[in-house]
Number of protein chains: 2
Amino acid sequence: MATMHRMQTTGLELFYSNGYYNTSVDDILKKLSLSKGAFYYHFESKEDFFIQIIQNLLARKIYSVLIEPIEGHDDPLKQILDCFDDALETAVHNEMDFGCVLNNFLTEFRGKDEKIMKHLCDIFSIWEVNLVSTLQKGKFNGFVDRHVDCEAAATFLISSYFGVRTLMVGVAPSARKYRFMSQLRMYLKSLEPKTVAV
Amino acid sequence: MATMHRMQTTGLELFYSNGYYNTSVDDILKKLSLSKGAFYYHFESKEDFFIQIIQNLLARKIYSVLIEPIEGHDDPLKQILDCFDDALETAVHNEMDFGCVLNNFLTEFRGKDEKIMKHLCDIFSIWEVNLVSTLQKGKFNGFVDRHVDCEAAATFLISSYFGVRTLMVGVAPSARKYRFMSQLRMYLKSLEPKTVAV
DNA sequence: AGGAAAACCGACCAAGTGGTCGGTTTAGGC
DNA sequence: GCCTAAACCGACCACTTGGTCGGTTTTCCT
């Protein structure tokens with residue numbers, strides 16, 4: 001059981017940094033000093049292996065970093081700002097950053113492996129739905145202007161997050177983060193309820 | 001010379017839809033009914049081949065779609081909005097859309113091939129610099145509020161564009177485009193000069 | 001027509017790929 | 001101690017990869 005978990009952890013590490021197709025099963029086994037036999041005893045194929053990683057590790061990661069910090073609080077706009085800020089700050093301090101895991105895998109598997117794509121889209125969908133409903137609740141509670149199109153806002157927020165994570169890899173991540181956050185703050189402000197004109 | 005050009009064109013096609021590492025030289029040659037000999041007569045390696053594609057095709061494409069339509073006009077905010085709208089509309093109608101070419105390659109080569117990364121970053125940089133200077137000119141001409149941080153705005157715009165292109169692939173591209181554009185319009189509005197209070 | 005250079009062919013190579021399988025080690029219940 | 005089954009080993013397989021090279025065809029200039 002411990003072996004299985006170790007395989008998944010280093011599997012995700014390598015898949016994340018080298019890509020799925022560019023990481024061989026042997027690469028993972030070499031890093032763990034294990035043999036082919038051990039791998040195919042626990043998993044029936046490389047694809048199956050990756051799907052289990054998605055469900056066991058990726059899904060939890062996305063939830064704990066991008067969903068859980070936002071849902072269930074009163075002011076969604078402030079929560080979103082803080083959540084993005086934390087996530088980007090973590091990325092800045094991670095010298096082995098390769099962008100948003102979900103974004104990278106979505107890009108890599110597009111049109112190649114439908115089965116894997118389905119699982120990735122499921123995770124993405126959970127994030128999106130949560131964001132939309134959090135915004136709608138914020139509207140109900142008076143933290144978001146009632147004219148705001150919550151689905152549109154969620155799409156825009158996710159887009160910008162995916163994009164900035166890609167931009168931040170490598171060149172001046174800290175500066176890019178700072179610039180991004182300043183504009184995000186402006187955008188979020190435009191979602192706040194308009195004070196009634198005198 | 002015609003052969004060389006055909007190779008680059010279909011090379012870009014396949015690299016774009018399948019990824020660089022997941023596309024073999026043989027794949028490209030099979031589609032063109034050419035042989036290994038022809039390939040290695042014109043190019044010294046797969047890497048060299050791709051670099052030439054970047055310089056000959058990718059650079060021009062990015063310029064004609066994302067740079068040229070924006071620069072040189074008066075109101076940069078309107079130009080950006082129209083430019084993004086056109087680019088996204090093209091993507092919506094392209095049933096073989098796999099996201100923004102530049103974004104995908106930047107993601108794929110990160111940490112793998114420094115030489116190629118350099119060339120990709122160069123193209124990216126040109127786009128970024130152009131966007132910043134266009135915004136600054138807009139500021140000078142009174143189309144952009146003088147308090148706007150142009151570099152931050154450019155980062156934010158590029159981020160959101162990269163991200164939405166990824167989101168639009170596959171699931172409901174048209175709806176996603178519409179939602180994105182509505183929020184982009186809002187954001188760009190917040191960059192307009194504030195009318196002086198009465 | 002002739003000849004040389006440019007363009008192209010395709011068999012071949014070493015290195016890797018995902019996956020198989022017969023066999024060995026290890027752990028736990030009796 | 002014994003036996004079974006889970007866990008693991010590593011040689012092996014068919015196949016693909018990027019790249020080479022000796023040779024053939026095309027093209028074009030004189």
Side-chain angles (χ1 to χ4, degrees), chain A residues 1-56 105 108-109 111-120, chain B residues 1-56 104-105 108-120:
Chain A
M1 205 36 115
T3 301
M4 209 166 149
H5 190 255
R6 279 174 63 223
M7 281 180 180
Q8 293 187 27
T9 306
T10 65
L12 179 55
E13 268 175 44
L14 294 181
F15 286 146
Y16 170 57
S17 55
N18 303 328
Y20 175 82
Y21 293 109
N22 210 28
T23 302
S24 69
V25 177
D26 281 333
D27 288 341
I28 299 163
L29 294 171
K30 196 191 294 173
K31 193 166 180 181
L32 291 168
S33 300
L34 286 171
S35 66
K36 276 276 176 67
F39 184 85
Y40 283 96
Y41 172 76
H42 291 289
F43 308 98
E44 63 183 29
S45 71
K46 190 188 178 186
E47 191 193 41
D48 166 68
F49 175 56
F50 188 69
I51 289 176
Q52 294 210 33
I53 289 180
I54 295 177
Q55 291 174 326
N56 294 332
F105 287 144
E108 183 170 11
F109 287 107
K112 267 156 244 167
D113 192 311
E114 256 186 84
K115 214 165 153 189
I116 291 182
M117 270 305 287
K118 219 250 161 210
H119 286 89
L120 293 173
Chain B
M1 205 36 117
T3 302
M4 210 166 148
H5 191 256
R6 278 173 64 221
M7 282 180 180
Q8 293 187 25
T9 306
T10 64
L12 180 55
E13 268 176 42
L14 293 181
F15 287 146
Y16 170 57
S17 56
N18 304 328
Y20 175 81
Y21 293 108
N22 210 30
T23 302
S24 69
V25 176
D26 282 333
D27 289 341
I28 299 162
L29 294 170
K30 197 191 293 174
K31 192 165 180 183
L32 290 167
S33 299
L34 286 172
S35 68
K36 275 274 175 71
F39 183 85
Y40 283 94
Y41 172 77
H42 290 289
F43 309 97
E44 63 184 28
S45 71
K46 190 188 179 187
E47 192 193 42
D48 165 68
F49 175 56
F50 188 68
I51 290 176
Q52 295 211 33
I53 289 181
I54 294 177
Q55 292 174 327
N56 293 332
N104 291 8
F105 287 143
E108 183 170 11
F109 287 106
R110 191 86 61 188
K112 267 156 245 166
D113 192 311
E114 255 185 84
K115 213 163 151 190
I116 291 182
M117 270 305 288
K118 218 252 160 208
H119 286 88
L120 292 173

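Residue numbers begin at 1 in each chain, while the letters A, B, ... track the order of the sequences. Note that the structure is predicted; figures quoted are calculated from it, not measured.
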Parallel, tilted or perpendicular, as decided by the 30° and 60° cut-offs, for the rings of A:F109 and A:Y21: tilted

Any side-chain N or O of B:S45 less than 4.0 Å from the OP1 or OP2 oxygen of D:dG18? no

Please report, rounded to the nearest Å, how far the C1' atom of C:dT20 is from the CZ atom of A:F43. 18 Å

In whole angstroms, how far is the P atom of D:dG18 from the CG atom of B:L14? 12 Å

On the side chain of A:K36, is there an atom forming a donor-acceptor pair with the base of C:dG19 - under 3.5 Å, no angle test? yes

B:Y40 versus B:V25: any side-chain heavy-atom pair under 4.5 Å? yes

Using OP1 and OP2 only, check whether a side-chain N or O of B:Y41 sits under 4.0 Å from C:dA7. yes

Residue pairs passing the salt bridge (Lys or Arg N to Asp or Glu O under 4.0 Å) test with at least one member in residues 46-56 of chain A, sequence neighbours excluded, are A:E47-A:K115

Between B:M4 and the options B:F49, B:F43, B:F39, the side-chain contact (heavy atoms from CB on, under 4.5 Å) test singles out B:F43

Rounded to whole angstroms, how far apart are CZ on A:R6 and C1' on D:dA7? 13 Å

I want to check one thing: is the phosphate of D:dC8, taken as OP1 and OP2, less than 4.0 Å away from some side-chain N or O of A:H42? yes

Nearest to the B:Y40 side chain among D:dG10, D:dG19, C:dG18, which nucleotide is it? D:dG19

What is the separation between atom CZ on A:F39 and atom P on D:dC9, rounded to the nearest whole Å? 14 Å

Within the pair A:T3 and D:dC8, is there a side-chain N or O less than 4.0 Å away from OP1 or OP2? yes

Residues in residues 20-29 of chain B with a heavy atom under 4.0 Å of DNA chain D, by number, are B:T23, B:S24, B:V25

B:D27 side chain to B:T23 backbone, donor-acceptor under 3.5 Å: no

Rounded distance in Å - CD (B:E47) to P (D:dT17): 19 Å

Taking the six-membered ring for Trp and the single ring otherwise, decide whether the centroids of A:Y20 and A:F105 are under 6.0 Å apart. no

Over how many whole Å does the gap from B:F49 atom CZ to D:dG19 atom C1' extend? 15 Å

Test: salt bridge (Lys or Arg N to Asp or Glu O under 4.0 Å). Region: residues 29-41 of chain A. Which pairs qualify, not counting sequence neighbours? A:E13-A:K31, A:D26-A:K36

From NZ of A:K30 over to C1' of D:dC8, roughly how many Å is that when rounded to an integer? 19 Å

Rounded to whole Å, please give me the gap between CG in B:L34 and C1' in C:dA7. 10 Å

